[in-house]
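Just the heavy atoms: all of them, side chains too, but no hydrogens, waters or symmetry mates, feed the values below. Ligands are counted one by one from 1 in listed order, and the atoms in each one are counted from 1 as well.
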Amino acid sequence: MKEQKEPFLNASDFGDDFTWGVSTAAYQIEGGHDADGKGRSIWDKFTDNPKMIHNGDQANVTCDFYNKYKEDILLMKSMNIDNYRFSISWTRILPYGVGTINAAGVDFYNKVIDFCLENEITPWVTLYHWDLPQILENKGGWTNREITTWFSEFTQVCADAFGDRVKHWMVLNEPMVFTGAGYFLGVHAPGKKGLKNFLPAAHHAVLCQAAGGRILRKLVPDAQIGTTFSCSQITPYRQNRRDQKTAIMVDALLNRLFIEPALGLGYPTKEAPVLKKLQPYIQPTDMENCIFDFDFIGIQNYTREKVKYSLLVPYIRAKIVKASKRNVETTLMDWEVYPPSIYNMIKKFGAYTQIKKIIITENGAAFEDTIEGEIISDKDRLNFLQRYLSEVLKAKQEGLNIHGYFVWTFTDNFEWAEGYHPRFGLVHIDFKTLKRTVKESGKWFSKFLSS
Ligand code: GAL
């Protein structure tokens, strides 16, 4: 990455009521894949096939947060981090997806929540960060409309168990990614492909998003309830009409498909006509049931995409031009480093008058770290965070509706199909010894938070 002048930033510039935190997800950090009665998830099964994961990596142990949660929460506290976003593993709580509750699983999250609160760290819980029970996938998973009943039960069990102490909830993590990568491209669990899987999965996710919100509202009336969306600025690759039209269509698919029905705007079928194919899955009262008045919307931004028209791609006639082919700064994920994207996304979501509050629930980057004894130097990550944060600050200073920022992520972890190769953490993990070492970026963030 090109050396950039460090922008001078203080957390206090964002105001006293701005929320700062770090985000994680159960499957990526917990390990304990079969501990104490936990059932199997689609990711436990997917990672059994070494061909699907970089280097054949598995997440059976990963960071071992299951056993090391106290060490990690204490480390967060020592770094001045006072909000912690994590997700609940569905099969730890309900090993069979529905029915029997696993007391040991509930107990684990009780201990995590209580330890956060003892250390004055506010827990922010995501209900679903991609680890669907395999037993439910065997019945079609997200493509089966019954998922709305299964997901409602899971939500209710979590709200009953944790709602007395957890007052910040997110229903889904990035529905576009888990339906797109998992049910359209087949590169994430459960590895299904094609529109016939994607379309029902997407519609059912939209229904669950709102159903989860309603259940939480009823059972935890004093909670702040949100849900999260992936989003990227979409730019036409060439300045011709066809690429421009393609960019509008891809924007509708990647940035609008899941939020607009929740806001009562329906699906963006005008700009993305392929979505008309959702119709057979939509039952008479569904579009009303998709609506929920969230207290906040979590947006997660990493990069921007450039897209071009392509006759070769069926249905959508669009292609993403990889960052590595565009001669731009990239991260280890081959994502373009493009800080204005986060500002433009805050602006875009801020333009929906129905959204009460926006929080960045994920932003961060994977780069190669340099290890020199106890010093883990990660200038590129530090630089990335500072440049993106400057854009968030610009949005805030312009009076846009932005109220918080969570770094993805606290420790290095299992990066889904990319295994352990790309490291996103503020804290380095030696995956052989599980030793945690705060990186230079982590030291900076901690100093920044105390400013
Ligand atoms: C998000 C996802 C996270 C993490 C991150 C970096 O899409 O929610 O789990 O993997 O991307 O790739």
Side-chain angles (χ1 to χ4, degrees), residues 21-31 41-43 46-47 52-54 57 59 62-63 65 84-90 124-132 170-185 187-189 205 209 226-233 253-255 257-259 297-305 320 322-323 330-338 341-342 345 359-368 378 380-381 384-385 388 405-427 429 441:
V22 289
S23 284
T24 64
Y27 190 70
Q28 294 177 277
I29 61 164
E30 284 179 3
S41 80
I42 54 175
W43 274 95
F46 196 69
T47 51
M52 299 313 288
I53 314 291
H54 175 86
D57 289 345
T62 173
C63 312
F65 181 80
Y84 177 35
R85 172 178 176 234
F86 57 92
S87 77
I88 308 256
S89 153
W90 188 332
W124 291 60
V125 167
T126 311
L127 283 173
Y128 185 77
H129 203 130
W130 307 356
D131 44 357
L132 186 75
M170 285 144 288
V171 180
L172 299 181
N173 182 71
E174 299 188 347
M176 184 62 218
V177 178
F178 76 76
T179 58
Y183 290 85
F184 184 65
L185 300 172
V187 295
H188 275 187
Q209 184 173 267
T227 194
T228 77
F229 300 100
S230 48
C231 59
S232 299
Q233 181 179 332
L253 285 179
L254 297 188
N255 295 328
L257 164 56
F258 289 90
I259 174 95
I297 292 297
I299 63 173
Q300 317 200 146
N301 173 263
Y302 291 89
T303 186
R304 76 155 159 185
E305 303 289 1
I320 288 180
K322 284 191 178 158
T330 57
T331 71
L332 277 185
M333 301 291 282
D334 192 10
W335 294 344
E336 181 184 1
V337 177
Y338 189 71
S341 181
I342 202 165
M345 290 300 102
I359 295 180
I360 305 286
T361 38
E362 284 183 25
N363 171 243
F367 290 107
E368 217 73 74
D378 59 338
D380 289 340
R381 179 172 300 100
F384 179 102
L385 292 173
Y388 274 67
Y405 176 97
F406 287 68
V407 177
W408 183 270
T409 181
F410 186 55
T411 59
D412 294 334
N413 62 34
F414 179 79
E415 176 53 35
W416 309 112
E418 302 306 319
Y420 296 103
H421 174 60
R423 292 173 175 266
F424 278 85
L426 294 173
V427 175
I429 295 216
S441 62

J.: Hey, does the Lys NZ or Arg CZ of R304 hover above the aromatic six-ring of Y338, less than 6.0 Å from the centre and inside 45° of the axis?
T.: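 Flagged: R304 positioned over aromatic ring of Y338.
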
J.: Out of curiosity, is V177 lining ligand 1, as in a heavy atom under 4.0 Å away?
T.: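 Under 4.0 Å: no for V177.
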
J.: Answer yes if the side chains of Q300 and S230 hold a donor-acceptor pair under 3.5 Å, and no otherwise.
T.: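 No, no side-chain donor-acceptor contact under 3.5 Å.
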
J.: Starting from atom 5 (C) of ligand 1, what is the nearest protein heavy atom, named by residue and atom, and what distance separates them?
T.: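 For atom 5 (C) of ligand 1, the nearest protein heavy atom comes out as Y302 OH, 3.2 Å.
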
J.: Taking the six-membered ring for Trp, are the ring centroids of W408 and Y302 within less than 6.0 Å of each other?
T.: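 Aromatic pair excluded; centres sit 6.0 Å or further apart.
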
J.: Specify whether Y84 and F86 have parallel, tilted or perpendicular ring planes, treating 30° as the upper limit for parallel and 60° as the lower limit for perpendicular.
T.: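 Geometry flag for F86 against Y84: tilted rings.
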
J.: For ligand 1, which atoms, with element, lie under 4.0 Å from some heavy atom of H129?
T.: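 Under 4.0 Å from H129, ligand 1 has these atoms: 2 (C), 3 (C), 8 (O), 9 (O).
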
J.: Going by the order shown, which atoms of ligand 1 are within less than 4.0 Å of some heavy atom of E174?
T.: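 Matching atoms, with element in brackets: 1 (C), 2 (C), 7 (O), 8 (O).
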
J.: Just checking F178 against Y128, ring centres under 6.0 Å apart?
T.: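 Judged by ring-centre distance (under 6.0 Å), F178 and Y128 do meet the cut-off.
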
J.: Using a strict cut-off of 4.0 Å, indicate which atoms of ligand 1 neighbour a heavy atom of W416.
T.: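 Counting atoms of ligand 1 from 1, those under 4.0 Å from W416 are 3 (C), 4 (C), 9 (O), 10 (O).
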
J.: Does only the side chain of T409 get under 4.0 Å from ligand 1, or the backbone, or both, or neither? Count heavy atoms.
T.: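 None of T409 does.
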
J.: For W335, state whether at least one heavy atom is located under 4.0 Å from any atom of ligand 1.
T.: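 Contact check W335 vs ligand 1: positive.
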
J.: At a non-hydrogen distance cut-off of under 4.0 Å, which region of Y27 contacts ligand 1 (side chain, backbone, both, or neither)?
T.: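 No part of Y27 is near ligand 1 at this cut-off.
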
J.: Restricting to ring pair (Phe, Tyr, Trp, His ring centres under 6.0 Å), what partner residues turn up for F258, sequence neighbours left out?
T.: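 Testing F258 for ring pair (Phe, Tyr, Trp, His ring centres under 6.0 Å), a comparison that skips the adjacent residues, returns none.
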
J.: Only heavy atoms count here, so choose which of Q28, E415, E362, E418 is nearest to atom 1 (C) of ligand 1.
T.: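 Closest candidate by heavy-atom distance is E362.
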
J.: Does any N/O atom on W130 come nearer than 3.5 Å to any N/O atom on ligand 1?
T.: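 No: no nitrogen or oxygen of W130 is under 3.5 Å from one in ligand 1.
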
J.: Apply ring pair (Phe, Tyr, Trp, His ring centres under 6.0 Å) to Y420 and list each qualifying residue two or more places apart in sequence or on a separate chain.
T.: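 Scan of Y420 (ring pair (Phe, Tyr, Trp, His ring centres under 6.0 Å), adjacent residues dropped) gives F414, F431.
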
